[in-house]
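Accompanying notes for the structure given below.
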Amino acid sequence: MVSSNAAGTAVDEDSLFIPLIDFSLFLHGDEQEKEAVAKRIADGFKDAGFIYIKNHGIPQETVDRVFAESAAFFKRPKAEKEALAWTSPQSNRGYSSYGREKTTSIQDKALVDSLRAANPDLKESFEVGRDDELEYPNSWPEDPDFVTIMKAFFDTCKDLHIKVMRAIGLGLGLQEGFFDEYTDRGDNTLRLLHYPSTPKEIFVKNKGQVRAGKHTDYGSITLLFQDERGGLQIRSPKGTFVNATPIPGTIVINAGDLLARWSNGKIHSTEHQVVEPPIPPASGIYPARYSCAYFCNPNFDKFIEAIPGTYTSEADKKYPGINSGDYLVQRLMETYS
């Protein structure tokens, strides 16, 4: 009998149902519990493109330390941060200042540039990749504690990525280890995000202003750690954007474009955005928001095409095959100035 603790609801609005899943039952449960959780995870991605997980194995103290280090990093003088500037889609490492990236689902660079000029995203970020990549080394600040903490957190999230992909494989009726050969290198990105405190007046005067524009993620899955401020919204089947309210101790996980392609469209890469928080500020100024996104990708040397069993003939394939690394570079070229 599967424990009722495995089942829960994080979001249920406008036909958008996002489950809250006890991941410990996949990590430590018996075969029946593992299979039930795996199916629930796969169904969550098929229905909504999003799930929340709890009891995921990452201690809250670890997450709190990462957020504290992130906040301290973004308080550094602008010149120190700019010295670590993001340089290229191929590297995808370093600091991005306010307005440099415009998150969007549009895949036309000229249109993205126009949108960025009209409504720049109100955020800054710092990207970390796997640290054994010799061609594109990370741009670290001169802070040994920061480096040690972020390297360790990168590896912790890499381990969770592998486990979640095993659950997805099992939930799709594949061998549990189907995705292992695609996840072992850790060609992922840890992104620290800071959305600065913002007067409510900014959002009132400009109805198109957001903290991060409507977009889908590019890779397989994203692990999102968010603070209590709120503002993340997910597109519902009705076309509305629904609040993804923060739940303490959980990780929000969404499917990305490459997982949607892999599953031949059976899994959804759902559009989402970050807007002004749902609770009006008493002072007229929204406090800063911090989040941490771990973008998981198939190994960059892997070719991604529809998994056997998701189509009956070549004509049923909804997407052409594509190299994982090439796809990521293509999308990053469109969204950065």
Side-chain angles (χ1 to χ4, degrees), residues 19 21-29 31 33-53 56-58 92 129-130 132-133 154-190 216-224 251-270 293-311 316-329 331:
I21 298 169
D22 184 349
F23 196 59
S24 69
L25 295 173
F26 179 81
L27 297 175
H28 310 297
E31 286 306 309
E33 289 173 323
K34 285 185 68 171
E35 290 178 7
V37 170
K39 184 178 187 306
R40 189 164 164 77
I41 287 172
D43 287 347
F45 286 136
K46 289 177 182 178
D47 294 339
F50 275 78
I51 63 171
Y52 284 55
I53 64 171
H56 40 71
I58 301 179
N92 194 29
R130 63 184 178 92
D132 59 351
E133 173 56 73
F154 185 99
D155 290 340
T156 295
C157 291
K158 174 189 172 184
D159 183 61
L160 182 58
H161 169 217
I162 292 170
K163 292 171 181 174
V164 173
M165 292 303 294
R166 287 175 179 169
I168 294 171
L170 190 60
L172 291 176
L174 306 168
Q175 292 293 320
E176 183 177 329
F178 177 87
F179 292 111
D180 283 3
E181 66 175 294
Y182 295 90
T183 58
D184 56 355
R185 280 182 48 170
D187 283 328
N188 307 321
T189 300
L190 171 62
T216 58
D217 292 346
Y218 311 147
S220 51
I221 60 173
T222 301
L223 312 178
L224 177 66
I251 303 173
V252 179
I253 306 181
N254 63 284
D257 296 341
L258 284 177
L259 186 55
R261 297 171 77 107
W262 236 339
S263 69
N264 202 32
K266 289 180 170 54
I267 283 175
H268 297 294
S269 179
T270 304
Y294 189 79
F295 296 104
C296 306
N297 306 298
N299 296 344
F300 287 163
D301 62 350
K302 291 295 187 180
F303 191 74
I304 306 303
E305 57 183 340
I307 297 168
T310 62
Y311 58 93
D316 292 331
K317 291 184 178 180
K318 296 182 178 180
Y319 308 96
I322 193 166
N323 172 268
S324 170
D326 290 347
Y327 183 77
L328 181 68
V329 168
R331 296 302 306 275

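A quick note: this is a predicted structure, and the numbers were derived from the prediction, not measured. In what follows, residues are counted from 1 in the order of the sequence shown.
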Does [X] reach the side chain of [Y], with side-chain heavy atoms less than 4.5 Å apart?
| X | Y | answer |
| --- | --- | --- |
| T310 | E305 | no |
| R261 | P320 | yes |
| I168 | I41 | yes |
| P298 | L258 | yes |
| H56 | K163 | no |
| K46 | S263 | no |
| I307 | N264 | no |
| L160 | T156 | no |

Quick check against the 3.5 Å criterion: does [X] have a side-chain atom that pairs as donor or acceptor with the backbone of [Y]?
| X | Y | value |
| --- | --- | --- |
| T222 | N254 | no |
| N299 | E181 | yes |
| N323 | G325 | yes |
| D187 | F300 | yes |
| K158 | D184 | yes |

Euclidean distance, [Y] [atom2] relative to [X] [atom1], rounded to 0.5 Å:
| X | Y | atom1 | atom2 | result |
| --- | --- | --- | --- | --- |
| H161 | M165 | NE2 | CE | 5.0 Å |
| I251 | I51 | CD1 | CD1 | 9.5 Å |
| F295 | I221 | CZ | CD1 | 12.0 Å |
| S220 | F179 | OG | CZ | 8.5 Å |
| C157 | N188 | SG | CG | 9.0 Å |
| E133 | N92 | CD | CG | 12.0 Å |

Take S269 and D217 through the test side chain to side chain contact (heavy atoms under 4.5 Å, CB included) and record every step on the way to the result.
CA-CA 7 Å; S269 179; D217 292 346; 5.6 Å; no
Taking only residues two or more places apart in sequence, or in another chain, which ones meet D301 in a salt bridge (charged side-chain N to carboxylate O under 4.0 Å, His left out)?
R185
Which residues share a salt bridge (charged side-chain N to carboxylate O under 4.0 Å, His left out) with K34, sequence neighbours left out
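K34 satisfies salt bridge (charged side-chain N to carboxylate O under 4.0 Å, His left out) with E176 once adjacent residues are dropped.
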Take a 6.0 Å sphere around NZ of K266 and say whether it holds more than 12 heavy atoms from other residues, nucleotides or ligands.
yes
Which pair of non-hydrogen atoms, one from A306 and one from K317, has the smallest distance, and what is that distance?
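Scanning both residues, the minimum pair turns out to be CB-CG, 4.2 Å.
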Closest heavy-atom contact between A38 and A167?
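Scanning both residues, the minimum pair turns out to be CB-O, 3.3 Å.
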Option passing side chain to side chain donor-acceptor pair (under 3.5 Å) with D257 (candidates Y319, Y218, Y327, W262):
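Single side chain to side chain donor-acceptor pair (under 3.5 Å) partner of D257 among Y319, Y218, Y327, W262: Y327.
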I253 and side chain to side chain contact (heavy atoms under 4.5 Å, CB included): which partner among Y294, F45, Y52?
F45
Taking only residues two or more places apart in sequence or in another chain, which ones pass ring pair (Phe, Tyr, Trp, His ring centres under 6.0 Å) with F23?
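With sequence neighbours excluded, F23 shows a ring pair (Phe, Tyr, Trp, His ring centres under 6.0 Å) to F26, given in chain and number order.
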